[in-house]
Amino acid sequence: MAITQINTLFLLSLAFPYFIFFTSYASTEGDVLLTFKASIEDPSNSLSTWSNTSLTNYCNWTGVTCSFSSMTSLNLQSLNLSGEISPSICDLKNLSFLNLADNLFNQPIPLHLSQCNSLETLNLSNNLIWGTIPDQISQFSSLKVLDLSKNHVEGKIPDTVGSLKKLQVLNLGGNLLSGSVPFVFGNFTELVFLDLSQNPFLVSEIPSEIGKLVKLQQILLQSSNFFGKIPNSFADLQSLKILDLSQNNLSGLFPQTFGVSMKNLMSVDISQNNLMGSFPSGVCEGKSLINLSLHTNLFNGSIPESIDQCLNLEKFQVQNNDFSGDFPSGLWSLRNIKLIRAENNRFSGEIPDSVSMAAQLEQIQIDNNSFTSKIPQTLGLVKSLYRFSASVNAFQGEIPSNFCDSPVMSIINLSHNLLSGQIPELKKCKKLVSLSLAENRLSGEIPASLGELPVLTYLDLSDNNLTGEIPVELENLKLAIFNVSFNHLSGRVPYSLISGLPASDLQGNPQLCGPGLSNMCPGDNNGRQSFGLSKLTSALISLAFAAGIVVIAVGFFTIYRSYKRKSQRGSWRSVFFYPLRLCETDLMMSVDEKCAIASGGAIGKVNAISLPSGELVAVKKLFNSGTLSSKVLKAEVKVLAKIRHKNVAKILGFCHNDDSIFLIYEYLPKGSLGDLIGRPNFQMQWSIRMKIATGVAQGLSYIHKDYAPHLLHRNLKSKNVLLDRDFEPKVTDFALDRIVGENAFTSSMASESAFSCYMAPELGYSKKATDKMDTYSFGVVLLELVTGRSAEQRESDDSLDLVKWVRRRVNISDGALRVLDPKISSSCQQEMLGALEIALCCTSVVPEKRPSMFDVTRRLQSLSNVSSHPPDIGFSNFDEYSCPV
Ligand SMILES: *[C@@H]1O[C@H](CO)[C@@H](O)[C@H](O)[C@H]1NC(C)=O
Ligand SMILES: *[C@@H]1O[C@H](CO)[C@@H](O)[C@H](O)[C@H]1NC(C)=O
Ligand SMILES: *[C@@H]1O[C@H](CO)[C@@H](O)[C@H](O)[C@H]1NC(C)=O
Ligand SMILES: *[C@@H]1O[C@H](CO)[C@@H](O)[C@H](O)[C@H]1NC(C)=O
Ligand SMILES: *[C@@H]1O[C@H](CO)[C@@H](O)[C@H](O)[C@H]1NC(C)=O
Ligand SMILES: *[C@@H]1O[C@H](CO)[C@@H](O)[C@H](O)[C@H]1NC(C)=O
Ligand SMILES: *[C@@H]1O[C@H](CO)[C@@H](O)[C@H](O)[C@H]1NC(C)=O
Ligand SMILES: *[C@@H]1O[C@H](CO)[C@@H](O)[C@H](O)[C@H]1NC(C)=O
Ligand SMILES: *[C@@H]1O[C@H](CO)[C@@H](O)[C@H](O)[C@H]1NC(C)=O
């Protein structure tokens with residue numbers, strides 16, 4: 001009561017001067033902004049345009065938007081602002097949008113903003129807001145959008161929140177709320193978006209009124225400790241598009257009418273709970289589309305409603321629960337479905353033939369269930385499938401000959417089923433990385449055509465009834481795992497499959513013979529001859545390889561010459577972000593190969609050049625594909641040049657003409673990590689290696705996560721890690737896709753990645769670059785630091801790339817110790833093993849298993865913090881990490 005009175009008085013006192021100064025209203029609004037600014041700390045001087053001198057022009061100030069010469073919106077997100085959010089801002093009578101997200105405001109929820117009568121959107125996401133949500137939150141009754149996510153708001157959500165009846169968006173995710181969610185949610189009849197996720201201290205059931213929110217499209221309650229049953233009223237959320245209830249402690253049955261009238265459903269994630277019973281089998285069932293195609297005419301063009309069901313569903317995730325009963329079969333044939341995850345339940349049922357209609361399907365993970373059918377012939381028709389993981393089920397019958405026909409198929413795991421018959425010839429799945437058919441009843445020979453799958457790396461055929469010889473063609477593969485134990489194989493084991501691989505992966509085949517096995521082959525001369533042969537082959541291969549490089553180099557030289565000639569004519573434009581005295585002729589001269597500091601691949605080279613002042617800068621030449629206009633190009637380089645992080649090399653400026661772009665980076669005296677590691681007598685203390693690893697991880701994490709816009713590096717390798725005098729690393733050559741354009745970038749990387757072991761295996765089939773590809777490349781750099789081996793220089797007789805070289809060894813017991821750089825004292829062993837584990841996680845074949853660079857940074861940091869533990873010999877903890885493959 002008292003508060004309302006004060007409010008009224010306050011408003012009156014404001015209204016009064018407004019009438020008097022109506023004619024000079026404009027400057028009044030400007031004054032209000034200056035008053036608001038006065039209580040704000042602005043270390044980066046982002047509000048420099050807000051000044052007395054431009055008062056009449058306040059509509060043009062940073063973040064300000066006016067409409068009809070009255071200010072309606074203030075957007076000050078991501079400016080490092082702190083200080084006090086002053087109530088004076090409410091003197092702006094028409095202010096309806098206020099976004100202060102992503103700043104450093106450190107205070108309780110600014111209740112006084114409820115005096116802003118027109119305010120509809122309040123966004124305080126990602127600040128340091130603390131304290132509880134007061135009962136007076138009800139005063140914000142005009143709000144339509146309230147975003148308090150990612151703060152430190154604690155305590156219970158008060159019942160009074162129920163009077164915010166106009167709310168369309170409520171985001172309280174990522175806070176420290178506790179207690180139970182009040183039963184007032186039924187009042188939010190306009191709500192479209194609700195996020196209470198990531199509140200680990202909530203202990204609550206899901207209020208059953210939630211079913212009244214018929215406009216709700218997204219409900220995100222993951223990782224917030226919700227328990228109890230999912231209310232049956234959930235089935236009434238007819239507008240639902242995205243449902244995420246994962247990682248809670250929900251139990252009991254899932255509402256059996258769920259999905260029946262949800263035509264817009266796009267994503268269902270209820271994974272990692274304790275849900276049980278059968279999943280509503282009618283979900284997405286409708287009439288089968290096969291029937292539709294036969295009967296459309298009979299329906300006279302009109303499609304029966306039930307067919308509309310779930311037509312938009314893309315993701316269905318119910319893994320890690322306790323569901324039983326038949327898996328809803330309608331899901332398998334949805335037009336838009338991309339992801340089906342149901343592993344670790346007790347589902348029964350089958351994959352129907354109609355799966356061929358799921359033409360967008362990319363991933364199936366149904367391991368550890370009780371599926372019983374055959375593997376349908378039609379699965380091979382799904383051309384987008386890249387992962388099919390169905391281990392630990394009761395699939396039976398023969399493996400259809402086309403089951404690997406998807407051109408992007410990368411991971412197949414059918415281990416521990418009841419499959420019989422022969423392994424079919426697999427020729428079409430050129431992207432297959434991992435094939436596990438272990439623990440089945442397969443018979444016949446190992447098809448020699450497996451040797452034609454160029455990236456096959458993990459092959460597990462153990463515990464079957466395979467016979468015949470191991471085909472020599474498998475020597476073509478760079479296998480990291482080759483497990484054929486416990487079959488009935490016989491004959492000579494091809495030499496390269498014995499060397500370096502654990503002998504245990506051949507055991508249980510008493511008729512195999514070869515060096516190192518218990519049986520020697522009859523006539524050992526033969527052995528040496530075939531060994532010699534394989535040497536010859538590899539010599540031939542390297543010869544062909546070298547010839548290829550020469551051809552490419554000649555090609556580049558020619559192109560480069562013609563560029564050089566042309567570019568002498570083209571006009572140059574230069575933009576410097578730092579005071580530099582540099583002219584284009586310096587640049588042209590610098591292209592002289594003599595002073596290249598690091599060879600940068602097809603995308604260009606890095607050269608050190610000396611300025612007239614004596615200063616050194618590094619210059620990288622890129623071919624200008626011409627896809628970006630000069631203006632856009634400038635904007636893009638500026639995006640990269642604005643990055644300020646101690647582990648990211650600064651861009652000092654750039655020059656370009658129609659043919660070339662020269663990026664000018666700061667020069668670092670120690671050159672690149674890659675050059676150091678490549679030296680034959682490479683020596684570096686462990687603590688320095690950790691410093692480099694941590695620094696690189698921080699730099700990447702910064703561009704991935706903290707810098708706006710988020711960037712991807714896309715070409716990390718040790719040659720792109722430069723070191724300053726104190727061995728502080730700086731990553732360089734980042735995000736060049738933005739400068740040369742996506743197409744030019746991917747095609748130049750494609751020509752390079754054939755040689756590069758820094759590239760994540762999914763690069764071949766994935767449509768989109770991800771941060772997890774950077775994580776992979778980082779993992780390779782970390783392996784270089786741990787092993788002291790360069791990833792790019794391979795020893796002639798051991799042409800495995802570094803990742804495979806390491807994986808082969810760590811799979812042998814005690815092998816982990818043997819990959820560590822022997823030049824480092826054993827007192828660092830514990831930390832090195834820790835770093836090795838991280839590197840193996842980062843280089844997991846499966847992108848989702850790789851940690852984010854932020855997590856990597858934290859894990860590296862905590863390694864050096866706990867280094868005082870006594871060394872623990874062996875690698876017994878390895879399996880605790882969930883990402884060994
Ligand atoms: C607004 O500011 C920009 C620079 O920030 C300036 O180019 C433009 O002329 C200004 N517009 C007005 C109307 O003052
Ligand atoms: C606020 O906006 C309304 C129309 O939306 C307009 O009539 C009114 O004049 C504006 N108020 C001020 C102070 O400009
Ligand atoms: C915000 O502060 C951080 C750390 O001080 C700094 O790195 C960053 O550049 C600042 N961002 C802006 C937009 O000023
Ligand atoms: C609030 O601002 C943040 C940061 O820009 C943005 O990500 C978020 O979507 C905004 N919230 C709403 C509800 O628009
Ligand atoms: C919810 O709405 C009802 C009726 O519209 C109202 O009586 C009740 O007070 C509201 N609840 C809260 C907590 O404001
Ligand atoms: C989850 O809920 C069950 C009861 O359904 C309870 O026994 C268990 O302690 C809960 N687990 C957690 C982690 O809260
Ligand atoms: C298989 O699923 C069951 C639940 O149905 C679970 O208890 C078990 O741990 C799972 N096994 C593995 C290896 O994950
Ligand atoms: C295949 O599945 C089995 C059983 O679930 C698992 O142990 C194995 O690690 C999987 N293999 C790969 C390569 O993912
Ligand atoms: C394995 O194959 C042999 C013949 O090749 C057959 O005699 C034997 O019964 C098979 N074993 C099993 C377990 O299928």
Side-chain angles (χ1 to χ4, degrees), residues 63 73-79 81 97-103 105 120-127 129 143-151 167-174 191-195 217-218 220 271-277 318-325 327 342-348 363 365-371 387-393 395 410-417 432-440 456-463 479-483 705-706 708-710 761 807 811 844-846 848-849 878-879 881-885:
S73 152
L74 183 57
N75 186 351
L76 298 179
Q77 64 168 322
S78 315
L79 299 175
L81 304 179
F97 179 96
L98 180 57
N99 186 352
L100 301 175
D102 237 342
N103 281 299
F105 289 108
E120 292 182 346
T121 296
L122 177 58
N123 192 343
L124 292 170
S125 168
N126 203 15
N127 275 284
I129 306 285
L143 277 189
K144 292 184 177 161
V145 175
L146 177 58
D147 191 342
L148 294 172
S149 59
K150 300 191 214 159
N151 280 295
L167 277 186
Q168 296 167 359
V169 173
L170 178 60
N171 192 345
L172 300 174
L191 208 59
V192 174
F193 177 100
L194 175 63
D195 187 344
Q217 295 181 2
Q218 290 194 39
L220 309 178
S271 60
Q272 320 247 30
N273 280 291
N274 294 316
L275 297 165
M276 54 183 273
V318 298
Q319 71 272 22
N320 300 331
N321 279 292
D322 197 19
F323 285 117
S324 52
F327 188 77
E343 68 268 24
N344 301 327
N345 282 291
R346 290 182 288 139
F347 281 118
S348 52
Q363 287 192 61
Q365 287 171 255
I366 50 173
D367 310 75
N368 191 16
N369 279 290
S370 306
F371 284 87
R387 180 172 192 175
F388 180 55
S389 193
S391 66
V392 195
N393 274 290
F395 282 104
S410 174
I411 299 171
I412 292 178
N413 195 343
L414 285 169
S415 62
H416 202 105
N417 276 292
L432 193 65
V433 175
S434 172
L435 175 65
S436 178
L437 300 173
E439 295 183 67
N440 278 290
L456 189 61
T457 306
Y458 303 90
L459 181 59
D460 189 350
L461 305 175
S462 58
D463 290 291
L479 291 168
I481 289 180
F482 175 66
N483 192 345
K705 193 171 150 292
D706 297 325
H710 298 327
R807 278 201 191 279
N811 283 322
S844 167
V845 188
V846 184
E848 303 92 88
K849 286 190 178 172
F878 186 68
D879 274 338
Y881 291 85
S882 55
C883 40
V885 170

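Index from 1, following the sequence. Order of listing sets the numbers, starting from 1, for every ligand and every atom in it. All values reported here derive from a predicted model rather than from experimental measurement.
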- Where ligand 8 meets S434 - atom numbers and elements under 4.0 angstrom, heavy-atom basis: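 So the atoms of ligand 8 that pass are 13 (C).
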
Proximal ligand 8 atoms for N413, defined as those under 4.0 Å from one of its heavy atoms =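 Atoms satisfying the 4.0 Å criterion: 1 (C), 2 (O), 3 (C), 8 (C), 10 (C), 11 (N), 12 (C), 14 (O).
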
Ligand 4 contacted by V145 (non-hydrogen, < 4.0 Å):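 Heavy atoms of V145 do come under 4.0 Å of ligand 4.
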
### Message
With side chain to side chain donor-acceptor pair (under 3.5 Å) as the test, pick out the partner of R346 among N369, N321, N368, D322.
### Response
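Only match with R346 under side chain to side chain donor-acceptor pair (under 3.5 Å): D322.
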
Tell me if a side-chain donor or acceptor on N103 pairs with a main-chain N or O of L79 at a distance below 3.5 Å.
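Answer holds: yes.
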
| Does the N417 side chain pair with the main chain of A390, one donor and one acceptor, at a distance under 3.5 Å? |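 Yes: the side chain of N417 pairs with the backbone of A390.
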
- request: Give yes or no for whether the N/O distance cutoff of 3.5 Å, strictly under, is met between S436 and ligand 8.
  value: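 No; the residue has no nitrogen or oxygen that sits under 3.5 Å from a nitrogen or oxygen of the ligand.
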
Review point. Quick check: does S415 get an N/O under 3.5 Å from an N/O on ligand 8?
Key: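 Among all N and O atoms of S415, at least one is under 3.5 Å from an N or O of ligand 8.
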
| message | Considering both backbone and side-chain atoms of D102, is one of its nitrogen or oxygen atoms within less than 3.5 Å of a nitrogen or oxygen in ligand 4? | response |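 It does not: no N or O of D102 is found under 3.5 Å from an N or O of ligand 4.
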
- request: Would you check the N or O atoms of N123, main chain and side chain alike, for any that come under 3.5 Å of an N or O of ligand 4?
  value: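 Such a contact does occur with ligand 4.
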
Problem set entry | Rounded distance (nearest 0.5 Å) linking atom CG of L124 with atom CG of N99 |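 Nearest 0.5 Å value for the CG-CG distance: 8.5 Å.
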
Approximate separation, where rounding is to 0.5 Å, of I412 CD1 and S415 OG:
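Reported value, rounded in 0.5 Å steps: 12.0 Å.
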
What are the two closest non-hydrogen atoms of L432 and I411, and how far apart are they?
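Taking L432 first and I411 second, the nearest heavy atoms are CD1-N, 4.2 Å.
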
**Prompt:** Of the non-hydrogen atoms in H710 and K705, which two are nearest, and what is the gap between them?
**Reply:**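 Heavy atoms of H710 and K705 come nearest at CE1-O, 2.9 Å.
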
One line per pair, note the atom names and distance for all nitrogen or oxygen contacts under 3.5 Å between ligand 7 and the protein.
{"residue": "ligand 7", "atom": "2 (O)", "partner": "N368", "partner atom": "ND2", "Å": "2.4"}
{"residue": "ligand 7", "atom": "5 (O)", "partner": "N345", "partner atom": "O", "Å": "3.4"}
{"residue": "ligand 7", "atom": "11 (N)", "partner": "N368", "partner atom": "ND2", "Å": "2.7"}
{"residue": "ligand 7", "atom": "14 (O)", "partner": "N344", "partner atom": "OD1", "Å": "3.3"}

Q) So, N320 versus S271: side-chain donor-acceptor pair below 3.5 Å or not? A)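 Their side chains do not contain a donor-acceptor pair, so the 3.5 Å distance test is not met.
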
(message) I'd like to check T457 versus R807 (side-chain heavy atoms, cut-off strictly below 4.5 Å). Are they in contact?
(response)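 Side-chain contact under 4.5 Å: no.
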
Determine the interplanar angle of the F323 and F347 rings, folded into 0 to 90°, and report it as parallel if under 30°, tilted if 30 to 60°, perpendicular if over 60°.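 Because their plane-to-plane angle is under 30°, the rings of F323 and F347 count as parallel.
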
Fill in: For V169, atoms of ligand 4 separated by under 4.0 Å from a heavy atom
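Those of ligand 4 that fall under 4.0 Å from V169 are 13 (C).
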
Using a 4.0 Å cutoff against the non-hydrogen atoms of Q77, which atoms of ligand 4 qualify?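 Numbered from 1, ligand 4 contributes 4 (C), 5 (O).
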
